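The structure appears below as structure tokens.
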Amino acid sequence: MENKCIYCGKNYDLSESDIIPDALTNARILNKNVCRIEHNNKFSDMFESKVIDALGFITNELDIKSSKAKRYAAYEAVVTIEGIEYNLKLHGDKEIFNGKVIKSSDNKHMISSYDKAVKIAKDESKVQPLDINTIEIEKTVRINNKIFFDASMYRMLSKIAFEWYCSKNNISGYYSEFSNIVEFITTGKGTNPVSIIQEEKIYNMIDQVVNLGSHTLVAFEKEDGEIDVIISLFGLLIYKVIVTQKKPSICMYNFLYTELRTDSSRKEIVHQSVSEAQQKLDEVLNLDNFVCTDILIDGKKVMAPKKRFLYKI
């Protein structure tokens with residue numbers, strides 16, 4: 001099958017698109033059927049960079065850095081050192097004392113290496129040493145919650161859902177069934193396919209089964225043929241994305257699950273439908289696949305899988 005861009009059908013100058021922006025995950029997933037300029041590189045300037053910048057502190061705390069830039073995303077912070085405030089833009093805590101000159105918010109104080117401090121002060125008597133091992137440091141960060149409800153976030157989530165679903169179904173080329181989500185991703189116009197899930201039980205379920213800081217994606221087909229993708233971003237907020245009202249007949253896999261963890265590991269499930277997934281689960285849990293052991297817990301013998309029984313999902 002010839003590779004073509006899933007956004008426009010172009011069959012040349014294709015590239016590997018990071019389905020989730022590289023700066024937001026340590027576990028990269030790719031779609032190879034995206035044209036390099038119009039529908040990959042330009043998306044960074046259109047909407048992805050705004051989200052990445054706004055979530056810089058979160059990715060820093062989760063030890064997520066871009067494998068391309070080899071650095072953490074920058075974030076703004078007010079750092080109080082010995083009672084004096086400094087407004088800084090950081091790529092990590094190590095940048096506070098890395099030899100660069102930092103100025104206090106009131107422009108009355110500066111911190112730097114000894115040589116630079118003396119050169120700036122022009123009077124060695126005005127330079128005082130700081131013991132970074134004993135001084136008190138307080139960092140205050142304000143996260144702009146509006147980013148979670150911003151059009152840039154909705155476009156990025158739509159891109160994630162669309163490219164991920166297409167990659168799992170080996171979609172190559174443009175299909176009109178995806179016209180609404182493609183228009184929204186590429187232009188920001190048309191019907192917004194993203195909504196925020198508010199059911200508490202869904203958040204509780206995600207908290208119980210997913211590692212802290214993970215991204216989780218779940219795709220399923222509704223009875224009317226609509227394909228929905230549920231996205232949990234860092235476990236903070238959960239969204240639903242309507243990928244298509246009616247899937248192309250070529251799409252065979254419509255019950256999908258991916259968890260991308262901060263340690264770069266992942267969990268994946270790929271099935272044609274929810275009923276097929278349930279059937280596979282029932283096969284796994286069939287008592288014929290287990291043997292009774294001599295291990296007792298609360299007076300009951302523990303069942304263990306037969307050694308020859310393997311299950312692949």
Side-chain angles (χ1 to χ4, degrees), residues 1-9 16-20 25 27-34 39 154-186 190-197 199 201-203 205-206 209-210 214-233 238-261 266-285 311-313:
M1 181 173 62
E2 182 182 19
N3 288 355
K4 297 179 181 179
C5 177
I6 57 176
Y7 290 97
C8 63
E16 291 185 341
S17 168
D18 280 288
I19 294 174
I20 296 178
T25 178
R28 296 176 67 194
I29 49 175
L30 305 172
N31 189 309
K32 299 180 179 180
N33 293 325
V34 178
H39 301 123
Y154 295 151
R155 291 176 73 180
M156 186 190 78
L157 292 167
S158 299
K159 168 194 177 278
I160 291 171
F162 175 55
E163 292 189 8
W164 176 66
Y165 178 75
C166 286
S167 71
K168 293 301 181 186
N169 280 280
N170 297 314
I171 298 297
S172 176
Y174 173 79
Y175 285 81
S176 60
E177 288 89 343
F178 299 121
S179 60
N180 181 70
I181 196 167
V182 167
E183 180 185 14
F184 184 74
I185 295 168
T186 56
T191 302
N192 180 2
V194 181
S195 58
I196 298 173
I197 292 178
E199 287 83 351
K201 62 181 180 181
I202 295 179
Y203 285 86
M205 180 188 69
I206 293 292
V209 301
V210 174
S214 293
H215 299 308
T216 309
L217 297 88
V218 182
F220 58 91
E221 181 180 5
K222 296 174 66 175
E223 291 184 358
D224 59 2
E226 177 180 297
I227 299 295
D228 291 346
V229 172
I230 306 300
I231 300 177
S232 171
L233 201 64
I238 304 176
Y239 302 84
K240 184 183 81 171
V241 184
I242 301 174
V243 174
T244 177
Q245 296 285 354
K246 185 176 182 181
K247 72 180 192 301
S249 58
I250 193 175
C251 296
M252 299 296 295
Y253 301 106
N254 299 296
F255 181 72
L256 309 167
Y257 175 90
T258 295
E259 178 190 348
L260 303 174
R261 296 172 173 173
R266 66 193 68 199
K267 281 184 179 179
E268 302 236 26
I269 297 174
V270 178
H271 288 299
Q272 293 188 9
S273 63
V274 175
S275 59
E276 183 192 68
Q278 184 63 53
Q279 179 183 350
K280 293 292 185 182
L281 181 61
D282 291 342
E283 291 174 5
V284 173
L285 299 179
Y311 175 61
K312 182 179 180 181
I313 57 176

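Here the structure is a predicted model, which is why all the values come from computation and not from measurement. All residue numbers in this chain count up from 1 along the given sequence.
- Contact annotation: the side chain of Asp18 approaches that of Leu30 to within less than 4.5 Å [non-hydrogen atoms, C-beta and beyond].
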Practice problem: Determine, step by step, whether Val182 and Tyr175 satisfy the side chain to side chain contact (heavy atoms under 4.5 Å, CB included) criterion, reporting the C-alpha distance in whole Å, the side-chain angles of both residues, the deciding distance to 0.1 Å, and the verdict. | Solution: CA-CA 10 Å; Val182 167; Tyr175 285 81; over 6 Å; no
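- Nearest approach of Ile171 to Asn33, heavy atoms of both residues: O-ND2, 3.0 Å.
- Looking at Arg266, its side chain does come within 3.5 Å of a backbone N or O of Arg28 through a donor-acceptor pair.
- Pairs passing the side chain to side chain donor-acceptor pair (under 3.5 Å) check and including a residue from residues 161-170, sequence neighbours excluded, read Tyr7-Glu163, Ser17-Glu163, Trp164-Thr258, Tyr165-Asn254, Lys168-Glu268.
- For the atom pair OG1 (Thr216) and CG (Leu260), the distance works out to 8.0 Å, reported to the nearest 0.5 Å.
- Put simply, the side chain of Ile185 does not reach to within 4.5 Å of the side chain of Arg155, judged on heavy atoms.
- Side-chain atoms of Ser172 come within 3.5 Å of backbone atoms of Lys4 as a donor-acceptor pair (strictly under, hydrogens ignored).
- In this structure, the separation between CZ on Phe255 and CD on Gln272 is 13.0 Å, given to the nearest 0.5 Å.
- Taking NZ of Lys159 as the start and CG of Leu157 as the end, the distance is 10.5 Å to the nearest 0.5 Å.
- Inter-residue side-chain proximity for Leu233 and His215 is flagged as met; some heavy-atom pair is nearer than 4.5 Å.
- Between Leu217 and Leu256, the closest side-chain pair of non-hydrogen atoms is not below 4.5 Å.
- To the nearest 0.5 angstrom, Gln245 atom CD is 4.5 Å from Glu226 atom CD.
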Practice problem: Go through the steps for Ser232 and Val210 under the test side chain to side chain contact (heavy atoms under 4.5 Å, CB included), then give the verdict. | Solution: CA-CA 10 Å; Ser232 171; Val210 174; over 6 Å; no
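- Environment of CZ in Phe220: crowded, with over 12 heavy atoms of neighbouring residues, nucleotides or ligands closer than 6.0 Å.
- Here the straight-line distance linking atom SG of Cys251 with atom CD of Glu221 works out to 9.5 Å at 0.5 Å rounding.
- Of the residues Thr244, Val218, Val241, Ile242, the one that meets the side-chain contact (heavy atoms from CB on, under 4.5 Å) test with Asp228 is Ile242.
- For the pair Val243/Pro193, no side-chain contact is recorded, criterion being any heavy-atom separation below 4.5 Å from C-beta on.
- Looking at every heavy atom in both residues, Phe184 comes nearest to Gly190 through CD1-O, 4.4 Å.
- To the nearest 0.5 angstrom, Ile197 atom CD1 is 4.5 Å from Ile202 atom CD1.
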